[in-house]
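To keep things clear, I will list the structure first and then write my remarks on it.
Protein chains get the first letters and strands the later ones, always in sequence-line order, with residue 1 at the start of each.
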2 protein chains.
Amino acid sequence: MTTIRGARERARTEVTAAIKDEARGQLAAEGAAKLSLRAVARELGMVSSALYRYFPSRDELLTALIIDAYDAVGSAAERALATADPADPPARWTAVCVAVRAWALTHPHEYALIYGSPVPGYQAPQLTIEPASRVGLALISIAADAHRADGIALPPLAEELRPEAQRLAAQLAPGLPPEVMAALIAAWAQLFGLVSFEVFGQFNNLVEARDELFTHAARRLAHEVGLMDRHRTP
Amino acid sequence: MTTIRGARERARTEVTAAIKDEARGQLAAEGAAKLSLRAVARELGMVSSALYRYFPSRDELLTALIIDAYDAVGSAAERALATADPADPPARWTAVCVAVRAWALTHPHEYALIYGSPVPGYQAPQLTIEPASRVGLALISIAADAHRADGIALPPLAEELRPEAQRLAAQLAPGLPPEVMAALIAAWAQLFGLVSFEVFGQFNNLVEARDELFTHAARRLAHEVGLMDRHRTP
DNA sequence: CAGAAGAGAGAGCACTGCTCTTGCTTTGGA
DNA sequence: TCCAAAGCAAGAGCAGTGCTCTCTCTTCTG
């Protein structure tokens, strides 16, 4: 498994990692559009064609970076979830939101890679869907835990949306009421709307107190999915 | 002003429009990253260097397309606002949201250009900020109208956020309570979170009933900014 | 130890954005 | 009316890109 197989194999994983590191550096410096295979190779002291032994195309390199980025936000979210007060669902929720935003602000280009415009003709391979779902699953687990503990009450869903919400709940969080599931999906997307607007500059020259606005919005989102402050129900 | 000045000047605006049209076509077909000046020129039967008489760089061409795209969503939103029942604020709100989403789904690449990752090293010039604000202003005007008519009541803001919200309200909608202003900014960003997730494929293999989910979420957003159903207060 | 497989190097193709020079055409003032 | 100035198109060329193909050398495996 993790046994050192041979010099060649070890070298391969090392070079692969070095390529990804250098690519990530260029990504952070200039953005995905200016990520150049030749520049990466040059910086690593190899010739561009040699790089194709490790990644069959530029898109494949980007895919690797995409997966890493999803894993990075995902684990940031999971870390925040693990350290938040388990008895305070709204606090857990905002902690995850804040962690996602913090990661996005410190890694804007990686964030753009995964939550911005999809790259040209590129189709996200199946490999990405598992890491991509980690933040969503973290959010869902907060609601699921809160529901198990105290129950969540939300106004009933319109007729048209209920089957879909039931299907999603069955698939992602058995036992969760469909109203909560629908609210979760919406809140998930809306969270990234808040983050994207900030990272992509839509708040430039408009919103100054971004920390405060974000925290406020995150709390409202928690409320929207039915997470209640314990202090109100002693 | 709009008088026909001369053959040369008229030709110039025609060629400029033709370039933009062709560029928009390539944008729709392949995305911003694959928009090639040479290909545009080729398709128009001119040589690539001639195109630089009209746009000093590829980025300037993109800027022109960005402004057009902002104007397109903006006017779609304004059209929806104009045709919705003026006495039903939540209906006006959802109408604008639905119009924005519809435009985004029919023009995914143009949408990505303005609400996706900002292009490489590119800084949005001042020219774009006015068209970029049209959707936001439409949403604000709904709340302002509703507030003038019936008043909007929302829970008070936390201390830290109030000054910012007051500043924004004074700047964008004098008379609007700061709570509403804060909710509007958040809802504005969250709306585009919903749209982006759908356009950029985050809902692929996950959410099926997207019309229903979006409408539901848009209604909840209306509620979140304090827009009330008239039927409840006869 | 020999053959297979892996890895790097180099040349080359077709493409990109962009610049510069060279002519031609339209324009506006003397 | 004529002529210089400005606008415009074309072509060549530069530096860069992703990617392929061939060749050589090294390492691994049976």
Side-chain angles (χ1 to χ4, degrees), chain A residues 3-20 22-27 29-66 109 113 118-123, chain B residues 3-20 22-27 29-66 109 113 118-123:
Chain A
T3 43
I4 298 160
R5 295 266 265 266
R8 185 169 257 173
E9 210 157 317
R10 204 169 58 216
R12 181 166 235 287
T13 67
E14 265 172 35
V15 174
T16 307
I19 292 171
K20 283 210 289 184
E22 178 59 34
R24 213 188 324 273
Q26 288 198 17
L27 185 69
E30 296 271 25
K34 291 204 174 164
L35 197 169
S36 148
L37 280 189
R38 290 182 112 109
V40 170
R42 209 179 302 132
E43 213 65 28
L44 261 49
M46 57 201 314
V47 86
S48 75
S49 59
L51 218 146
Y52 284 82
R53 296 265 168 209
Y54 300 88
F55 295 93
S57 73
R58 203 192 93 116
D59 275 4
E60 292 284 336
L61 214 198
L62 272 179
T63 301
L65 296 182
I66 285 173
H109 288 111
L113 196 59
V119 294
Y122 165 88
Q123 274 296 334
Chain B
T3 43
I4 299 160
R5 297 266 264 268
R8 183 168 259 174
E9 210 156 318
R10 204 168 58 215
R12 182 166 235 287
T13 68
E14 265 174 35
V15 174
T16 307
I19 292 172
K20 284 211 289 185
E22 179 58 35
R24 213 188 324 275
Q26 287 198 18
L27 187 68
E30 297 271 23
K34 292 203 174 165
L35 197 170
S36 147
L37 280 187
R38 290 182 114 109
V40 170
R42 209 179 302 132
E43 213 65 26
L44 261 47
M46 57 201 317
V47 85
S48 74
S49 58
L51 220 146
Y52 284 82
R53 296 265 163 204
Y54 300 89
F55 295 93
S57 74
R58 203 191 95 116
D59 276 5
E60 292 285 337
L61 214 198
L62 273 180
T63 300
L65 295 182
I66 285 174
H109 288 110
L113 197 58
V119 294
Y122 164 89
Q123 274 296 334

Give me the atom names and distance for the closest heavy-atom approach of A:F55 to A:T16.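 Nearest heavy atoms, A:F55 then A:T16: CZ-CG2, 3.8 Å.
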
Considering all heavy atoms, the nearest B:V40-B:A23 contact: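 Here B:V40 and B:A23 meet closest at CG2-CA, 4.0 Å.
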
For [X] and [N], what is the distance between atoms [atom1] and [atom2] respectively, to the nearest whole Å?
X     : N      : atom1 : atom2 : value
A:R12 : D:dT26 : CZ    : C1'   : 15 Å
A:I19 : D:dG18 : CD1   : C1'   : 15 Å
A:L62 : D:dG18 : CG    : C1'   : 12 Å
B:R58 : D:dG16 : CZ    : P     : 18 Å
B:R38 : D:dT17 : CZ    : C1'   : 12 Å

For DNA chain C, note the earliest and the latest nucleotide, 5' to 3', having some atom under 4.0 Å of a heavy atom belonging to chain A.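 Contact span on the strand: C:dA5 to C:dG12.
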
Taking it one step at a time, do B:Y52 and B:L37 satisfy side chain to side chain contact (heavy atoms under 4.5 Å, CB included)? CA-CA 9 Å; B:Y52 284 82; B:L37 280 187; 3.2 Å; yes

Working to the nearest 0.5 angstrom, can you tell me the gap between [X] [atom1] and [Y] [atom2]?
X      : Y     : atom1 : atom2 : result
B:L51  : B:I19 : CG    : CD1   : 4.0 Å
B:R42  : B:L44 : CZ    : CG    : 11.5 Å
B:I66  : B:E60 : CD1   : CD    : 10.5 Å
A:L113 : A:L62 : CG    : CG    : 5.5 Å

In residues 42-49 of chain A, what residues come within less than 4.0 Å of DNA chain C, judged by heavy atoms?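 Residues of residues 42-49 of chain A under 4.0 Å from DNA chain C: A:M46, A:V47, A:S49.
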
Return whichever of B:Y52 or A:Y54 has its heavy-atom-nearest nucleotide of DNA chain C closer to the 5' end.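 Looking at DNA chain C, the more 5' nearest nucleotide goes with A:Y54.
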
How do A:R53 and B:L35 order along DNA chain C: which one's closest nucleotide is nearer the 5' end?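 Mapping each residue to its closest nucleotide by heavy atoms, the 5'-most match is A:R53.
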
Option among B:E30, B:E22, B:R58, B:R24 that satisfies the side chain to side chain contact (heavy atoms under 4.5 Å, CB included) test with B:L35: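 For B:L35, the side chain to side chain contact (heavy atoms under 4.5 Å, CB included) test succeeds with only one of B:E30, B:E22, B:R58, B:R24, which is B:R58.
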
